[in-house]
Amino acid sequence: MKPISVTMQAFGSYLKQTTVDFRALGDNPIFLITGATGGGKTTILDAMCFALYCKATGGRRSWGSMRCAAAPKGAETMVDFIFQLAGTTYRFTRSQSQYAARGTGALKTKETHACYRMEGGEWELLLSGAESRVREKAEEILGLTCEQFSQVIVLPQGDFLKLLLSSSRDKAQMFQTLFATGRWERAARNLKEMAAVLGKQAGELEAAKRSILEREGVGTLPLLEEKEAALREQLVQAKAAQEAAEKAFQNENAALRAAEALSERFAALEQQQTQRKILEQKQEEMEANRRRLAQARRAAGVYPYFTAHQAAQKELLTKRQAHAAAQQNLVKAEAECKAAQAQLPLAERYRSQLPELAKEEERLRNLREHALKWQALQKQRTEHAKRMALLEKQRAEAQARLETADRQLADGNAYIENAQKQISLLPRLLEQVQQLMDQDAAAALAVHLEEGEPCPVCGAVHHPHPAQPSKRLQEAQDALKRARKAADMLESAQKRLQQRREQREQAKEDLSQSNEKIASLRSEQQAQASAEREVLDKLGELRELPAIDQRLTEVRLQEKKNTDAAGKIEGRANAAQRAAATAKAVCDSAAQAHREAQAAENAAARRLQQALEESGFEQQVDYASLLLSPERMESLEHTIQAYAAAVASADQQISRLQRELSGKEQPDLNAQRKRQAQAQEAAAQAAQAVGKLEQTALAAKESLGRLRKLEEKGKKLEEEYGRTNRLAALLSGKNACKVPLHQFVLGVMLDDILSSANQFFATLSSGRYSLSRVVGTTSGNALGGLDLEVIDAYTGGARAVETLSGGELFLASLSLAFGLSDVVQSYSGGVHLDSLFIDEGFGSLDQETLDTAMKALAQLQHMGRTIGIISHVSELKNRIAAQIIVGKDRDGGSTVRIRTA
């Protein structure tokens with residue numbers, strides 16, 4: 001990964017929007033990020049990490065701690081990081097701002113998170129939305145978490161010098177921070193804790209066994225078994241005594257229930273006699289209810305006829321009024337019908353005009369058809385004119401092609417005739433040329449001479465003055481060439497001549513077809529002219545289609561008006577006639593209804609009079625006041641029936657109880673209850689004794705079972721504890737090599753780091769040094785497995801790291817840092833980060849070591865890495881030309897300036 005630019009605003013110490021453009025530093029540079037302490041040098045790296053993971057380097061700080069303290073409330077906190085990875089350019093942006101909520105005015109926070117990819121010169125959005133989704137996209141692209149990214153891109157060189165010189169125990173602590181390997185230590189610790197838990201469980205198990213024996217009052221398992229058997233025998237005897245006491249209690253209980261039943265019958269007799277006296281006091285009230293019910297039933301027999309007569313009177317009045325209204329409507333409807341009939345002659349006049357309008361419409365439709373035909377003929381005339389012009393053009397072109405073909409055919413015949421004449425001279429010309437060449441042999445030989453080739457006569461390779469042919473020979477040879485050329489061209493000329501003959505025939509045929517088409521079209525034009533004259537004769541003066549359509553519309557509109565007017569008049573007359581007939585029918589119906597209502601009223605009056613005579617009521621009685629609701633009548637009837645039933649029941653119960661109690665006395669319940677209570681107490685004491693023995697025996701049995709299980713479980717737990725305790729001791733470092741599990745894993749990782757680091761160390765030390773892990777047991781109680789030594793190729797042996805010089809120690813620690821960076825990247829999917837930042841570590845170097853360090857960094861630069869050094873050491877400012885200089889502005893915020901020379 002190579003950074004391209006990072007932009008910050010209200011972030012860390014950068015108040016205003018500030019951009020660091022790494023491209024201005026050149027390709028694969030060594031550059032210095034310098035400035036005063038606390039000025040904002042490391043914040044540049046924090047911004048890069050924050051844009052990717054929404055956390056600063058190391059994953060420690062988030063929005064709250066990274067926002068610029070001097071930023072105003074409305075200022076947006078923003079980071080924007082652009083970088084290149086595997087030939088692709090990416091952009092990650094994050095921002096946070098505050099706004100006042102509508103209505104309440106409370107401050108709310110808004111965050112945006114997005115990532116892009118450069119496609120065709122434009123940013124293509126990859127993902128936006130939740131902070132975690134954009135962080136996961138960064139982890140997917142880089143293959144590194146925030147902590148891993150911080151480890152491999154920012155190398156605190158001073159930490160690696162401590163790592164190089166520290167003991168195995170100190171190295172383990174550093175690796176747990178740098179490499180996040182604490183889970184292996186936790187595994188060993190968990191196993192140790194598991195052993196402690198098992199030991200504790202074994203102790204608790206033993207305590208539980210002692211507790212059981214103490215509770216049961218015995219000392220050993222066999223004694224508890226004897227106690228449990230004795231308790232079972234005592235329980236059998238106690239249950240026999242309980243059974244006898246329970247039987248005696250049941251007998252006394254039965255005697256008590258019989259005495260209580262006899263006493264209850266004496267009480268029931270007294271209660272029924274009291275109830276009979278109460279019923280006698282209500283006898284007069286029941287007689288009044290019987291009279292009221294009988295009167296209501298008589299009134300209920302008359303009341304329907306009374307209400308029916310009133311309804312008939314009301315209906316008669318309604319029908320009389322309806323008949324009068326129907327008579328009035330009939331008079332009105334007959335008058336309207338007479339007026340509508342008087343308008344019918346006008347409808348006849350409207351309808352009498354319709355045949356003439358129909359004839360006019362038919363005439364106009366015919367004219368319209370002729371007008372459409374006239375338009376079609378006009379259009380056809382235009383098309384004929386266009387076709388005639390095209391045919392005349394085609395005929396002219398065919399005539400021109402025919403004339404051209406005739407000329408070309410004549411020229412071809414002449415050319416072939418001339419060629420044939422020249423070909424006929426070939427035998428004579430060949431003979432003539434041969435005779436002349438025989439006469440001039442030197443010239444014939446000279447024709448074949450070439451410079452550098454030997455002469456067939458004299459052998460010379462130079463031919464300064466070759467013999468020249470005579471003028472006659474030259475003329476004969478020229479004539480021979482022309483004849484031969486004519487012979488070669490004759491066949492192609494004959495083919496061209498044949499093509500010209502075919503072209504002439506095609507042009508002749510095209511001309512003939514054009515003449516035939518023109519003659520045919522002229523015949524069509526004559527027929528069309530005749531048709532036009534015929535159509536014009538039929539059209540007369542009205543020829544234009546819009547005028548015909550307008551007149552046709554007017555005629556059709558007039559037809560519709562006449563038809564609508566006649567229909568309206570006729571419809572009104574028909575409707576008035578129907579209304580009059582309907583009014584007549586309604587009036588007749590109303591008269592009939594009136595007569596029927598009068599008859600119904602007379603019948604209702606007769607039925608009412610008959611009902612009154614039968615009930616014995618007078619004519620003026622208020623029937624409504626005598627009526628009772630069905631519910632009330634039913635209630636009175638039920639009350640009377642219930643009273644009679646209650647009297648009969650009381651008499652019956654008294655008689656029955658007197659017969660049952662005849663000759664019997666009231667029992668003494670108190671004495672019987674006392675005897676039953678004594679028997680119950682004896683049974684309860686026997687049951688309590690059995691219960692107590694059952695609990696004691698059950699507790700002894702359960703204690704015996706638990707004790708046996710604890711004995712068995714204790715044996716298994718002791719075995720498990722022994723195995724776990726031994727394994728925990730082994731993994732915690734109590735082994736022959738005195739290496740705990742987590743240090744063993746760290747040792748494997750350290751081997752990978754040393755393998756990568758030695759590639760750098762060998763290069764930086766010109767092949768002399770390499771780092772190696774000390775393998776073997778350690779003395780005393782010290783832990784081992786992570787100690788380092790140096791392999792010196794000059795001496796061929798190993799020596800302590802402390803024996804290296806200051807510059808050599810720097811090279812070793814720097815190599816170790818780069819080795820860790822490469823291993824973390826390989827563990828994370830092989831993503832290669834071409835840019836590394838070394839944070840401080842140069843302030844304590846002497847001049848010689850600083851020279852060595854700069855040479856080493858130059859070598860790493862040649863390997864294709866971009867190396868940024870974060871330092872305020874003044875000596876580095878003079879040595880490194882490319883610098884990112886961090887300063888302060890007037891508002892107290894940080895500024896960035898890039899210098900390359």
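Because the structure is a prediction, the values reported are computed rather than measured.
For CD of E122, the number of neighbouring non-hydrogen atoms (other residues, nucleotides, ligands) closer than 6.0 Å is 12 at most. Within 6.0 Å of CZ in R799 there are more than 12 heavy atoms belonging to other residues, nucleotides or ligands. Counting non-hydrogen atoms of neighbouring residues, nucleotides and ligands closer than 6.0 angstrom, the NZ atom of K200 reaches no more than 12 such neighbours.
Looking at T34 and V886, their side chains never come closer than 4.5 Å, going by heavy atoms from C-beta outward. Contact annotation: the side chain of Q9 never approaches that of T77 to less than 4.5 Å [non-hydrogen atoms, C-beta and beyond]. Taking the side chain as every heavy atom from C-beta outward, R133 and H113 never approach each other to under 4.5 Å. Looking at C146 and C49, their side chains come closer than 4.5 Å, going by heavy atoms from C-beta outward. Taking the side chain as every heavy atom from C-beta outward, L142 and Y53 approach each other to under 4.5 Å. Taking 4.5 Å as the limit, every side-chain heavy atom of R899 sits out of range of all side-chain heavy atoms of I884.
Under the 3.5 Å distance criterion, with hydrogens and angles disregarded, a donor-acceptor pair is assigned to the side chains of S95 and T112.
Taking both residues in full, the closest heavy atoms of L25 and T900 are given as CA-CG2, 4.4 Å, listed atom of the first, atom of the second, then distance. Closest approach of L788 to V801, counting heavy atoms only: O-CG2, 3.5 Å. Taking all atoms of both residues into account, the shortest heavy-atom contact from V134 to A114 is CG2-N, 4.0 Å. Residues A75 and R67 come closest through the heavy atom pair O-NH1, 3.2 Å.
For the pair R117 and Y90, the cation-pi criterion (under 6.0 Å, within 45° of the ring axis) is not fulfilled.
Using cut-offs of 30° and 60° on the angle between ring planes, the pair F761 and Y769 is parallel. Using the six-membered ring where Trp is involved, F22 and F837 have ring planes that are perpendicular, over 60° apart on the 30 and 60° scheme.
Taking the ring centroids of F50 and F11, they lie under the 6.0 Å cut-off. F81 has its ring centre no less than 6.0 Å from the ring centre of F92.
Atom CD of E136 and atom CD1 of I141 lie 12.5 Å apart (nearest 0.5 Å).
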